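Just so it is clear, the model here is predicted, and its values are computed rather than measured.
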Amino acid sequence: MHALDYFFSLYKLKNKDVAEYLGIPAPQINDWKKGRRPIPKHHLEKLCKLLNVPDEKSYLLQKESLTKIDRLEIEIILYKAKLKNFVGGDDEQINKAIRMNFEAYIAACERNIEALKVLKQLEDELFGCSHVPQLFYKNLEKVKCLIEEIKNGM
């Protein structure tokens, strides 16, 4: 799935509406999604503004396929925008609860990103030593012990 598809689904946007916002024909967005054309810089800047994407994360908009980490990064962007643009009602307790819910979701996504990074490191280490059976099984046993330790610590 292209990043634009994921963003558009989360924001409930249609190609037609985004194309209108950018002042371009809708099929041009499909060309970006299919990798036939890169997103021009001036349109990328407008997309960042529309989707509340910080400049340093603009690369996400151009990704043709997303990793789990990319998806979490995009969800963080969405929820930070929701938090920033949240306009509550008269009940301050409800407003506070909604804000706390957004913040908790953002924090959970950030923790999940850290966990995925550690899992990637672990995968790289195990695959890196798979050609030496003794080392592989020794490391695998260590991992299994750590998993048991974590399970028993809960």
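In this structure, Leu60 and Ile77 have side chains that are in contact, with non-hydrogen atoms separated by less than 4.5 Å. The shortest distance between side-chain heavy atoms of Leu66 and Ile74 falls below 4.5 Å. Looking at Asn139 and Val143, their side chains never come closer than 4.5 Å, going by heavy atoms from C-beta outward.
The number of heavy atoms from other shown groups lying within 6.0 Å of CZ (Phe86) is above 12. Around atom CD of Glu125, no more than 12 heavy atoms belonging to other residues, nucleotides or ligands sit under 6.0 Å away.
Applying the salt bridge (charged side-chain N to carboxylate O under 4.0 Å, His left out) test to pairs two or more places apart or on separate chains, those with a residue in residues 126-143 are Glu141-Lys144. Applying the salt bridge (charged side-chain N to carboxylate O under 4.0 Å, His left out) definition to pairs two or more places apart or across chains, those involving residues 67-84 are Lys57-Glu73, Lys63-Asp70. Among residues at least two apart or in separate chains, there is no side-chain hydrogen bond (donor to acceptor under 3.5 Å, both in side chains) pair with a member in residues 90-99.
Residues satisfying the salt bridge (charged side-chain N to carboxylate O under 4.0 Å, His left out) criterion with Glu45, sequence neighbours excluded, are Lys41. Scanning for side-chain contact (heavy atoms from CB on, under 4.5 Å) contacts around Asn52 gives Tyr11, Ala81, Asn85, with sequence neighbours left out. Take Phe136 and apply the side-chain contact (heavy atoms from CB on, under 4.5 Å) test, not counting sequence neighbours, and it matches Leu126, Cys129, Ser130, Leu140. Under the ring pair (Phe, Tyr, Trp, His ring centres under 6.0 Å) criterion, Phe102 pairs with Tyr79, sequence neighbours left out. Residues that satisfy the side-chain contact (heavy atoms from CB on, under 4.5 Å) test with Gln62, not counting sequence neighbours, are Ile39, Leu44.
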Sequence neighbours left out, cut at 3.5 Å: what donor-acceptor pairs do the side chains of residues 113-124 make with other protein atoms?
unit_1 : atom_1 : unit_2 : atom_2 : d
Lys120 : NZ     : Asp124 : OD1    : 2.8

Expected list for residues 18-38: side-chain donor-acceptor pairs under 3.5 angstrom, two or more places apart:
unit_1 : atom_1 : unit_2 : atom_2 : d
Asn30  : OD1    : Asn15  : ND2    : 3.1
Asp31  : OD1    : Arg36  : NE     : 3.0
Asp31  : OD1    : Arg36  : NH2    : 3.0
Lys33  : NZ     : Asp5   : OD1    : 2.7
Lys33  : NZ     : Asn15  : OD1    : 2.7

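Between atom CG of residue Leu4 and atom CG of residue Leu47 there is a gap of 6.0 Å, rounded to the nearest 0.5 Å. Annotation: the span from Asn101 atom CG to Leu83 atom CG amounts to 10.5 Å, rounded to 0.5 Å. Taken to the nearest 0.5 Å, the CD1 atom of Ile147 stands 11.0 Å off from the CD atom of Glu149. Atom CG of residue Leu72 and atom CD1 of residue Ile106 lie 12.5 Å apart, to the nearest 0.5 angstrom.
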Under the side-chain contact (heavy atoms from CB on, under 4.5 Å) rule, what do Leu51 and Leu13 come out as? Steps first, then yes or no, please.
-> CA-CA 10 Å; Leu51 301 169; Leu13 295 169; 3.6 Å; yes
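In this structure, Leu146 shares a hydrophobic cluster with no other residue, the cluster being traced through Ile, Leu, Val, Met, Phe, Trp and Tyr side chains under 4.5 angstrom apart. Leu135 forms part of a hydrophobic cluster together with Val132, judged by ILVMFWY side-chain heavy-atom separations under 4.5 Å.
Of all heavy-atom pairs spanning His2 and Leu61, the tightest one is CE1-O, 3.2 Å.
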